[in-house]
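Worksheet: one structure, shown below.
Counting starts at 1 for both ligands and their atoms, following the listed order. Quick caveat, the model's predicted, so the values are computed rather than measured.
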Amino acid sequence: MHVAFIMDGNGRWAQARGLPRHEGHRRGAAVVKKILRVVEKNGIKYATFFAFSSENFSRPESEINFLMNLFEKFLKKYNKTFCEKEVRFRAIGDLSQLPINLQLAIEKLIQNTACFDKFHLTIALNYGARSEVIYAMRNLLKNKNVDVDNLTWEDFEQYLYTKDLPDPDLIIRTSGEQRLSNFLLLQSAYAELYFTKTYWPDFDEKEFLLAIEDYGIRERRMGKINDKTNN
Ligand code: FPP
């Protein structure tokens, strides 16, 4: 199973408590850690977190710097744990625009965990689905061996950032917004969507399990006719 998270509401969580926005992000990082434990406990093989969108670069510099530092510290801190627990780490998005120290930490973690297959943790950083399509198209058009007339989705998806990942089965978005905001738009073609009003810093195991339970009872027909009515 692949669960993807749109972690929203850190700023509003902090504002509601009279705290600076970065306190919401700090607490948000602690929630990622807690959720990863639930992922492990429940044997969920793939987890993806939308940590920074391409659009987030238009936020004040101080908030961007805080977040970039937070990501770097997080990745360095869990390097050892990921190796112990056999977590393969990936980052999706235009990483070339990120601070060099963060790029290096990402590269190191990707290399250190490349041999693992028990769990797959992916962080979307400077990610946007439309930019991903442009990235894919550029690389596809550069490949002179592409048989354009017989191109299939399976061929095309090899050019996406997510080329080695299965499509998400469930996308959870916190904070009450009911949209995908340019996150995994093509990959989520058949994903179930779960929206909760809870702000990300308050998201917890109980609510995560509720979302999984809700996913379990929803019927995923993938555009086909229900087997039961097709007898
Ligand atoms: C959205 O809340 C959240 C972000 C832009 C950053 C997400 C980052 C974290 C949860 C921190 C840690 C993550 C990792 C992977 C270590 P918002 O700021 O848009 O909140 P608002 O909509 O209430 O303003």
Practice task
Each residue besides Leu186 in its hydrophobic cluster should be listed here, by chain and number; the cluster joins Ile, Leu, Val, Met, Phe, Trp and Tyr at side-chain heavy-atom distances under 4.5 Å.
Solution key: Val133, Met137, Leu140, Leu141, Val146, Val148, Leu151, Trp153, Phe156, Tyr159, Leu160
Problem - Steps toward ring pair (Phe, Tyr, Trp, His ring centres under 6.0 Å) verdict (Tyr161, Tyr135) - result: CA-CA 8 Å; Tyr161 292 131; Tyr135 163 87; 4.4 Å; yes
Dump the pairs for me: ligand 1 N or O, protein N or O, distance under 3.5 Å, to 0.1 Å.
from, atom 1, to, atom 2, distance (Å)
ligand 1, 2 (O), Gly9, N, 3.4
ligand 1, 2 (O), Asn10, N, 3.3
ligand 1, 18 (O), Arg21, NH2, 2.9
ligand 1, 18 (O), Arg59, NH1, 2.8
ligand 1, 19 (O), Asp8, OD1, 3.4
ligand 1, 19 (O), Arg59, NH2, 2.7
ligand 1, 20 (O), Gly9, N, 3.4
ligand 1, 20 (O), Asn10, N, 3.2
ligand 1, 20 (O), Gly11, N, 3.0
ligand 1, 22 (O), Asp8, OD1, 3.1
ligand 1, 22 (O), Arg12, NE, 3.4
ligand 1, 22 (O), Arg12, NH2, 3.0
ligand 1, 23 (O), Gly11, N, 3.4
ligand 1, 23 (O), Arg12, N, 2.7
ligand 1, 23 (O), Arg12, NE, 2.7
ligand 1, 24 (O), Arg21, NH1, 3.1
ligand 1, 24 (O), Arg21, NH2, 3.1

Exercise for the section: May I ask you to check whether Tyr194 and Phe5 place their ring centers less than 6.0 Å from one another? Expected result: no
Problem - Given Arg26, Arg21, Arg27, the one that forms side-chain hydrogen bond (donor to acceptor under 3.5 Å, both in side chains) with Glu23 - result: Arg26
Practice task
Give me the ring orientation class for Phe82 and Phe89: parallel if the planes are under 30° apart, tilted from 30 to 60°, perpendicular past 60°.
Solution key: parallel
Exercise for the section: Step by step, work out the side-chain contact (heavy atoms from CB on, under 4.5 Å) result for Lys41 and Glu205. Expected result: CA-CA 11 Å; Lys41 208 161 78 181; Glu205 173 165 10; 2.7 Å; yes
